[in-house]
Each structure stands twice: as C-alpha cells, then as structure tokens.
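Here's the structure we're looking at; comments come further down.
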Amino acid sequence: MASTALSAAVDVRFSGHSSETKRPIFFTSPLIRIPKKRFTAYCSSTSKSPPKSAPDLAQSDQKNPSLSEQLRPLTKTTLSDTPKDQANLLSKPKSTWVNPAKPKRSVISLQRQKRSSHSYNPQVRDLRRFAQKLNNSYISEAGFVSALEEIPHPLTRDNALLLLNSLKPWQKTHMFFNWIKTQKLFPMETIFYNVAMKSLRFGRQFQLIEDLANEMISNEIELDNITYSTIITCAKRCKLFDKAVEWFERMYKTGKMPDEVTYSAILDVYANLGKVEEVLSLYERGRASGWKPDPITFSVLGKMFGETGDYDGIRYVLQEMRSLEVQPNVVVYNTLLEATGKAGKPGLARSLFVEMLESGLKPNEKTLTALVKIYGKARWARDAMELWEQMRSNSWPMDFILYNTLLNMCADLGLEEEAEKLFEDMKQSEHCKPDSWSYTAMLNIYGSGGNADKAMELFDEMSVVGVQLNVMGCTCLIQCLGKARRISDMVRVFGISIERGVKPDDRLCGCLLSVVSLCENEDDEDRAVSCLEQANPRLVALVKLIQEEETSFETIKEEFRSVIGNTAIEARRPFCNCLIDICRNRNLHERAHELLYLGILFGLYPGLHNKTADEWCLDVRSLSVGAAHTALEEWMGTLCKIVQRKEALPEMFSAQTGTGTHKFSQGLGSSFAAHVRKLAAPFRQSEEKAGCFVATREDLVSWVESRLPSTVTA
DNA sequence: CTAGGGTTAG
C-alpha cells in the first residue's frame, strides 16, 4: 500500500505539480517540510557569543533556562502521535498534512536492513589463497584476466562473491567485477554491486561508484540501504557533499526509506556542510518517526557542535542521550571531549571524563589526547599533572600523537623539566621517536622560557638526527633568538631554514618584524630587515615608509590597508603591534598613534574599549608594550577632551593588562604600571582583580584638570 | 576491508 502511494508521489513530483497543500509529506526529502521556527530559536540562542563563564553541567539548567525550556516541550511531544500535540508543535501544520487526522509520516525505517547470512563455503581456503595471489601480482589487466582462468573452483555465485570480497586494491576488484559480468554465469544481484562499491570506496572512486549505481538503475537492480549508504559515504569522503545529498533525496523520490545507518550517514554529511539546522531538522523528524538514535548518531551530533564550539549544542546531545537512556561509548565520549575543548569548557570536559571512568569505560589514546590538550589550553596545570599521573599508574595507552600533545601541553604550562623527560622517553621508545612536531614543541618550550642556548642545541641536534625543521619550529626559534638579542644566530638560523626548504608564512614574518622592533642598533636592524626582505618585501617597504616623517597619513593608510589585507588574519594584529613598537622605539609617537588608529579602523583590536554605563574599560591584553602605551595615551587624551567638554563619564575606569600567564603578555602589567607612574595617572592595581588597574571618576577628573591649569573649560 | 554509519596534533 505504501509503495503505491509513494510511486504516485513520485509521479506527482515528476509531473511538475508544485501545489504544496496537495502533496503528502513523504513526497519530498524531509528537510523541506520542517518548520524552521524552533530551530532558528535554538540556533539564535547559540549563535551569540557564548556566556562568559557558562556553568558546568550540573548547574546549567538553572542558570540558562532558555534552552531547556525550548527542549522540554520537544522531547515530550516528538514521540506523541496525537495530531493535536503535533499541530501545536508545528508552526504550519496545514501545509504539512494531507490529512491532519493521520499521524505524521515516517522519514526513517525503524528496521535496519538485514544482511543475508551466507552459508559456510568449504572452498574458502583455496579461494582465499587464490585471491591473495591475485592481490600480490598482475599489474596489467590482460595478465590479471588471464590469471582468472586458473580459478581453483567453478565460478559459482558464492565463490564469485567471496573472491570479490577478498580482492584489493580497488582496481582488481573492479576488473574482477567487470569480468564476472561478461561471464554471465548468474544474475548480478545487489550484493555484487555493494561489495564492488565498498572496494571502490577505499580508492575514493566516486565516479566509478556513481557509474555502477546508474548501471543498477538501468538494469533494474534494486538499490538497497547498503548501496545508498556506501554511495553517500564515498561522496562524503570525496567531499562531494552535493552528490551525497542528491543520492539521499533520490531514496525518498523512489520510495525507498532510509534505515538508521543511511540516516546517520546523511546527518554527518549535513554536519560536514555546517548545516546545523538541517541536521537538527532531520534528527527531530527521525525522532518523531519513533527512531531511537544510537551512539554513532550522537557522535555525529557531538562533532558537529564541537566544530562551532556550540556549548548549548553539546548539552543538548548529553540531555538527549540521558533522556533516551543511550549509554555513550568511548567514541561518543571522545567526540564530546573534543567538542567541549573547542567550546572552551574545560570543566565540562573534566566532569565528562570522570563520568566516563565511572561508567567503566577505559580511555584510549584519543580520549587522553583530547583531555591533555584541553587542560594545557586552559592552563589547568594541576589537573594536567593529575591526569598524567593517572596515565602512568593505569598504563593507559600512549601513541605518537598523545606524546606530542603532552609536549605541547608542557609548552602551554611552561613545564620545561617534564617536557625534557617526555622527550627523552620518546627517544628511548621503539615507535614514538621525536619527529618535527616533537622538536617544534621543545623549541616552543625553550623559546617561551627564553632558553636560547638549549633551543640552539636542539636546532643543531635536528640536523644530526635528520628531523626536518618546520615553519613553526623556525618561528619559535627566531622569536627566542630575537628576545635574547642574538641577531647573528637568528640570521644564521633563518638562512639555514630557508635553505632547508622552510617556506616563511605570515606568523614567521610577524616574528621577524618583532625582532626588527627589538633591535638596539642600526647594524642589527639592517640584518633583521634583510631577513624579512626575503620573506615579505612589501612589509619591509611599509616599515621604511612609516619611518619617513614626511610620509602622509593617507599614504600610510593605503599601504597599511594593502599589506594587512594580504596578511593571514592571525598575523594581522601582531604586525600592527610590531609596527607601533618600531615607531615608539624610534620616538615616532605621532606615527604610533596613527598606526593604532588604523589598527582599530581595520578591526584588528576588537574589544579594546568596553563601555558600560558604570564603567569604561581599556583591555590591552592583546597589545604589545608599545601599542598598550599608545592606547593608554590615546585613551587619556580622549578622556581629557570629554572632561573639558563636561560630557557624561562613568563612575569607574579600568585598564586590563592581564597577569602575564600568557607568554605573549608577559611584562605588560609592570610596564603599564611604570607608564602610568610616569604620567602620574590615578590608576592603581585592583585588589580584587589581578592584572587590572582601576581609577574613579573623581580622581581622573581632578587629574585631568591638574594637567590643564590655565585652559578655559567653557 | 567477509555488502553500509561516528573520534586524535600548532
């Protein structure tokens, strides 16, 4: 009955009727009919910047009720079959129903496609050996095909399937598949196509797979869920997402209902496309069809929310699993841990990990890698060290990536000795010898610790053991040597790196530019500039331009715009910071102010100045010392004007320098304090908040007035 | 890889 209704539906669709009201829901893929209202509400709650300090799982519902409010009616109603509830839930029920008295159409088959069980084949050993021989020889098609004549047993259907399953790589499977077709000994069933497609998928041969699918269609061989899921996942692996969607939609058009494997595969496709609303629509439609999603689906959802750092989304996944009583497995925990890391929620990561252990699951390398990364990034030294201890005492599995992640964690936390010990462990190990990632992490550690000698030792060691220096390692080393004012070493390292094939990127140029700003004499500066000249001549031209006093502001602006516009986003602010530092070090203060203005104009310092009714805050944490000074001067200048004009001012003023826990902001606080002292500005270190300087309106106004002794303030 | 879905590094 259903199939006739479906074929009628296909006819309607193909005959071009577009009347929405007449078409039953299953005429189109489920995406088209989903009321968007709920999902836009859901998404808009997450598209805003996440709450500053979102609470952890336990407290979350109380503090952020909007989401659970949205979700509660959802979980209660999705499984309801009564049209009244459905109608309340859907915003446009009329257009979605042929007959509102009937329950909603299903979008997913609740029965997973069954596999045919093959009986034991006594010839399996011979055939396997034969396949092995074919796999290991016969490069040419002619040789391969003639070898097929020596098949040890008759080519029955089952023997052919067994061989088809055992051949690799895909070229041989494909040749064999084509050959058995020419033999015409038995009809080519769906399973032959499915096995052939699977092999082709290993070779990412989407075009060949699609050709086979079209051949099935023209030969009227049924495409089943296994066929479709193979096509869809191959398209996905080849990044042909539109193809994946196209074949998925074809299922509904032809009246084939996807089962949960195909369904979760397409969810992953939409997730990869970043189409969060569509994924949620499909998910909800599946749920409304009575589907109980399995851990794989939740892993797909978890990864999707991780990609956008969507904390509410992660909580949604957890909540769904809890309410459906789906027990997460290791993979689900791993993806959720990754996701919480991307969402910047180390507390949730930690509690998830505890929950995982309590449920009796054993963490694997990926689990530990995710967690180590999170603790390092969050600078949670205590938790990181406890975890490390746990890893050793439980002898949890270690692999290469985990070693390198641990080294990076040490870099984040400044744990030089621990890193050295790990690095030694790696050298002693059988399978985890340090590679360029490991060396880079060590260079990062020595670099941020200012240990130029050890960094240089490592650099020399790399050439001895034959590990390639990469651009990141080169950047760390140059930064370190620059800070140590070891310009000769810096020039040598840069030259050798270029010789060895390091391609300078914008971050490396930023480091070279900062070395230029640090140079204390002209000779050093010339040598640093000539390195930069090789990597980025236009940047050097800009450096020269800003140092010419006669250059007009308009010229600077145009050149600045052009250089910054051609710079990777993450290197733009560092470029501007260094340019300002260069000006300040050469007493070109006015030019420094112009550059800060341009930096603000082009959006390099978002959030530099935060105003509320009660407080104005200057946040210089992402600025270099010179840029922070310039910003403070600029701020004071503006405040003076406002005081003079007697405009409204807030009660409190604050300047945030940070406490130097981040290696790039070290010393910002103390140099800021010195600068404030020099100006005799009324800012003092806040007692409650480290790295924050505060001043009251009264103090500030009287300070400004004292600096303007005889001006008429009319 | 015994016909199909999910997870690791600046």
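In what follows, chains carry the letters A, B, and so on, assigned in the order in which the sequence lines appear, proteins first and then strands, with residues in each chain numbered from 1. Worth knowing before you read on, the calculation uses all heavy atoms, side chains too, and leaves out hydrogens, waters and symmetry mates.
- Ring geometry, A:Trp170 versus A:His174: the interplanar angle falls from 30° to 60°, so the pair is classed tilted.
- A:Met197 has its side chain within reach of A:Met216: a pair of non-hydrogen atoms, C-beta onward, lies under 4.5 Å apart.
- Residue contacts shown for A:Thr190 are absent, as no nucleic acid heavy atom lies under 4.0 Å away.
- Contacts of A:Lys168 with the nucleic acid, taken as non-hydrogen atoms under 4.0 Å apart, include base atoms.
- Residues A:Asp506 and A:Thr567 bring no donor and acceptor atom of their side chains to less than 3.5 Å of each other.
- Distances shown here put every side-chain N or O of A:Arg201 at or beyond 4.0 Å from the OP1 or OP2 atom of B:dC1.
- For the pair A:Ile231 CD1 and B:dG5 P, the computed distance is 13 Å after rounding to whole Å.
- Separating the C1' atom of B:dC1 from that of B:dG5 is a span of 15 Å, rounded to the nearest Å.
- Taking the six-membered ring for Trp, A:Tyr375 and A:Phe353 have ring centres at least 6.0 Å apart.
- If you measure from atom CD of A:Glu365 to atom C1' of B:dT8, you get 9 Å, rounded to the nearest angstrom.
- Separating the CD atom of A:Gln113 from the P atom of B:dA3 is a distance of 12 Å, rounded to the nearest angstrom.
- Taking a 6.0 Å sphere around CZ of A:Arg204, one finds it holds 12 or fewer heavy atoms contributed by other residues, nucleotides or ligands.
- In this structure, the CD1 atom of A:Ile296 is 5 Å from the C1' atom of B:dG6, given to the nearest Å.
- Between A:Met398 atom CE and B:dA9 atom C1' the separation is 14 Å, expressed in whole Å.
- At the phosphate of B:dA3, neither OP1 nor OP2 sits under 4.0 Å from any side-chain N or O atom of A:Arg112.
- We find that CZ of A:Arg237 is positioned 12 Å from P of B:dC1, with the value rounded to whole Å.
- Contact of A:Asn329 with B:dG6 (side chain to base): a donor-acceptor pair of N or O atoms is detected under 3.5 Å.
- Across all strands shown, A:Val195 has heavy atoms under 4.0 Å from sugar-phosphate atoms exclusively, and none from any base.
- Contact check, A:Lys366 against B:dG6: no side-chain N or O comes under 4.0 Å of OP1 or OP2.
- As judged by a 4.0 angstrom heavy-atom cut-off over every strand, A:Ser264 is placed among the base-contacting residues.
- Using C1' as the reference atom, B:dT8 and B:dG4 are 24 Å apart when rounded to the nearest Å.
- Within 4.0 Å (heavy atoms only), A:Thr297 reaches at least one base atom of the nucleic acid.
- For the pair A:Gln132 CD and B:dC1 P, the computed distance is 13 Å after rounding to whole Å.
- Contact annotation for A:Val332: base contact, defined as any heavy-atom pair under 4.0 Å involving a base atom.
- The phosphate of B:dA3 (OP1 or OP2) has no side-chain N or O of A:Lys198 nearer than 4.0 angstrom.
- Using a 4.0 Å heavy-atom distance criterion, A:Thr262 is classed as a base contact.
- Counting to the nearest Å, the C1' atom of B:dT7 and the NZ atom of A:Lys342 are 10 Å from each other.
- Contact annotation: A:Lys114 side-chain N/O to B:dA3 OP1/OP2 distance is not under 4.0 Å.
- For the 3.5 Å distance criterion, the side chains of A:Thr230 and A:Arg201 fail to qualify, holding no donor opposite an acceptor.
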